[in-house]
Amino acid sequence: MGSSSFSCSLLFLVLLGLVLNVAVLCNGGKTSNFVRPVEKTIDMPLDSMFSESLLATMLLNSTTQILLCSWDWSHNKAILVYNPSAVGPDAPYTFGLIGDLGQSFDSNRTLTHYEMNPQKGKTVLFVGDLSYADNYPNHDNVRWDTWGRFTERSAAYQPWIWTAGNHEIDFAPEIGETKPFKPYTHRYHVPYKASGVLLHFGKYTPQYKWLEAELPKVNRTETPWLIVLMHAPWYNSYNYHYMEGETMRVMYEPWFVEYKVDVVFAGHVHAYERSERISNVAYNIVNGKCTPVADQTAPVYITIGDGGNLEGLATNMTEPQPAYSAYREASFGHAIFDIKNRTHAYYNWHRNQDGYAVEADSMWFNNRYWHPVDDSTSSQS
């Protein structure tokens with residue numbers, strides 16, 4: 001009797017395990033079953049941030065036409081600027097996506113994987129949280145400089161377009177630092193003054209009014225692809241930073257739908273997630289319509305805050321997986337957004353544990369203005 005009971009219990013557990021394994025595909029899209037070794041994320045030592053031998057190798061192997069070569073005497077190295085690509089609505093262009101990078105050994109793996117990716121990104125779209133210097137005593141600005149030297153091996157050869165994150169605020173009145181974003185804006189001269197302010201996004205603020213006026217100006221016959229970068233994600237099914245972007249979403253999401261934004265990239269959550277095209281703009285307090293719905297006029301939302309910083313991975317996910325979530329995984333990595341022409345772009349995400357060319361997640365994007373065909377992926381899985 002005891003043996004029979006044990007066998008039944010074992011059979012039940014096996015069946016339950018199979019059911020749970022299948023369930024990861026049932027609620028929303030897919031929750032990856034890739035298991036990454038749990039290792040503490042450790043920052044690289046101060047004296048290991050930059051390899052002169054690596055820079056020399058890049059200089060010798062570069063095949064891109066040089067437009068300008070200047071010499072940085074203070075650091076004894078050349079900084080190269082290259083001819084831009086062709087322009088036009090059907091000109092191809094390849095972007096790299098990195099977020100929340102920091103300067104750990106995992107950060108180094110992320111940047112190396114991006115550099116070695118055979119798709120060869122031409123510009124990095126960076127979704128905030130650069131150096132994580134504020135995690136050090138007295139917001140150690142040396143860590144800002146070491147981060148600059150660490151990323152220079154890529155940033156000296158192609159543009160990096162920055163978005164500010166919470167780790168760029170560096171507001172520390174206890175040590176006399178009362179000007180937010182000072183270390184960041186002194187090192188990275190981003191065009192934040194165009195919107196009147198760097199920090200505040202609430203309704204009727206200069207930034208709100210700037211975006212309200214700016215979005216209608218986008219000429220989609222000249223600029224077919226409308227890509228938005230932000231730091232805190234609006235759609236996030238992890239239990240980290242959950243719904244922190246909600247106040248911003250309520251104000252700005254209707255514009256993103258109205259003006260046919262193709263894709264929104266965010267960071268903040270130290271993991272990866274891609275949504276289907278969804279919106280949640282019907283709610284008006286009394287109608288009760290407050291659930292995200294499939295919407296082919298809306299953007300795809302991608303969280304790419306998986307650069308590898310010392311705070312580690314976000315591993316705790318909400319269950320069940322929301323219907324809008326197409327793919328999610330708690331791994332470090334980077335992504336590529338490869339624009340083919342005005343109608344199509346190919347997107348793919350790469351985890352650090354794989355080979356340089358291996359795609360862990362991917363989708364074809366149909367441009368919302370020029371080719372608004374259904375490009376959802378969950379229904380095709």
Side-chain angles (χ1 to χ4, degrees), residues 28-32 34 85 89-100 110 113-127 158 160-161 163 223-230 233-237 256 260-267 269 271-278 294-307 324-329 331-352 354-381:
K30 177 179 180 182
T31 297
S32 171
F34 176 81
S85 302
D90 287 306
Y93 202 85
T94 306
F95 290 104
L97 279 304
I98 300 176
D100 300 68
T110 298
H113 269 245
Y114 169 67
E115 293 169 317
M116 300 301 291
N117 191 315
Q119 296 176 85
K120 297 302 178 188
K122 298 176 181 177
T123 293
V124 170
L125 303 180
F126 194 95
V127 294
Q158 61 179 238
W160 281 45
I161 298 175
T163 302
T223 311
W225 292 91
L226 189 49
I227 301 170
V228 173
L229 307 182
M230 61 178 63
W234 290 355
Y235 290 97
N236 162 37
S237 69
F256 286 12
K260 297 180 172 58
V261 170
D262 292 291
V263 59
V264 178
F265 293 106
V269 177
Y272 172 74
E273 185 168 21
R274 173 177 58 84
S275 80
E276 297 291 358
R277 294 194 181 276
I278 50 164
D295 186 348
Q296 285 297 311
T297 67
V300 170
Y301 292 88
I302 296 176
T303 300
I304 190 78
D306 54 353
Y324 67 75
S325 176
Y327 186 95
R328 60 184 184 177
E329 179 176 323
S331 290
F332 293 132
H334 75 280
I336 295 289
F337 192 78
D338 187 11
I339 295 173
K340 304 297 185 180
N341 49 42
R342 76 180 71 193
T343 60
H344 290 85
Y346 184 64
Y347 167 83
N348 45 92
W349 174 71
H350 301 254
R351 71 168 71 90
N352 287 354
D354 293 336
Y356 298 131
V358 176
E359 300 171 2
D361 180 45
S362 64
M363 72 168 284
W364 276 98
F365 275 78
N366 295 324
N367 185 280
R368 291 303 88 188
Y369 183 88
W370 286 102
H371 190 61
V373 176
D374 189 337
D375 54 12
S376 57
T377 58
S378 292
S379 59
Q380 301 167 9
S381 300

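The figures here come from the full heavy-atom set of this structure, side chains too, leaving out hydrogens, waters and symmetry mates.
- Shown here for E276 and S376, the closest heavy-atom pair between the two residues is OE1-CA, 3.2 Å.
- Atom OH of Y301 and atom CG of N236 lie 13.5 Å apart (nearest 0.5 Å).
- In this structure, V373 and Q296 have side chains that are not in contact, with every pair of non-hydrogen atoms separated by 4.5 Å or more.
- Panel note: side chain R277, backbone V263; no donor-acceptor pair is recorded below 3.5 Å.
- Using a 4.5 Å heavy-atom cutoff, the side chains of T297 and K260 are not in contact.
- Centroid-to-centroid, the aromatic rings of H344 and F365 stay 6.0 Å apart or farther.
- Taking CD of E329 as the reference point, atom CZ of F34 lies at 6.0 Å (rounded to 0.5 Å).
- Residues Y369 and P224 form no side-chain contact, since every pair of their non-hydrogen atoms from C-beta on lies 4.5 Å or further apart.
- In this structure, a donor-acceptor pair under 3.5 Å is present between the side chains of Y93 and T123.
- Applying the side-chain contact (heavy atoms from CB on, under 4.5 Å) rule to T163 yields the partners L229; only residues at least two apart in sequence or on another chain are considered.
- Comment: D90 engages R342 in a salt bridge, judged by a side-chain N to carboxylate O separation of less than 4.0 angstrom.
- Between D361 and R328 no salt bridge is recorded (no basic side-chain N to carboxylate O distance below 4.0 Å).
- Separation of atoms CH2 (W349) and OG (S362) is listed at 12.0 Å; rounding is to 0.5 Å.
- For F95 and W225, the distance between ring centers is not under 6.0 angstrom.
- In this structure, T343 contributes its side chain and H371 its backbone to no donor-acceptor pair below 3.5 Å.
- In this structure, the side chain of H334 does not engage the main chain of G307 through any donor-acceptor pair within 3.5 Å.
- Nearest approach of D306 to S331, heavy atoms of both residues: CB-O, 3.2 Å.
- Counting heavy atoms from C-beta outward, I304 and Y272 have side chains that approach closer than 4.5 Å.
- For the pair R274 and V300, the minimum side-chain heavy-atom distance is below 4.5 Å.
- To the nearest 0.5 Å, the span separating CG on N348 from CD1 on I336 amounts to 6.5 Å.
- Distance check: Y356 OH to N117 CG gives 10.5 Å after rounding to the nearest 0.5 Å.
- When all heavy atoms are compared, the tightest approach of G99 to V127 is CA-CG2, 3.5 Å.
- Using cut-offs of 30° and 60° on the angle between ring planes, the pair F337 and F265 is perpendicular.
- Scanning all heavy atoms of the two residues, the minimum distance from P299 to F256 falls at CG-CB, 4.1 Å.
- For the side chain to side chain donor-acceptor pair (under 3.5 Å) with Y346, the lone residue among K340, Q119, E359 that qualifies is E359.
- Closest non-hydrogen pair, R368 versus N366, comes out as NH2-O, 2.9 Å.
- Counting all heavy atoms, side chain and backbone alike, T303 lies closest to P233 at OG1-CB, 3.5 Å.
- Inspection of the T94 and D338 side chains reveals an N or O donor paired with an N or O acceptor under 3.5 Å.
- Rounding to the nearest 0.5 angstrom, the gap separating the NZ atom in K30 from the OG atom in S325 is 12.5 Å.
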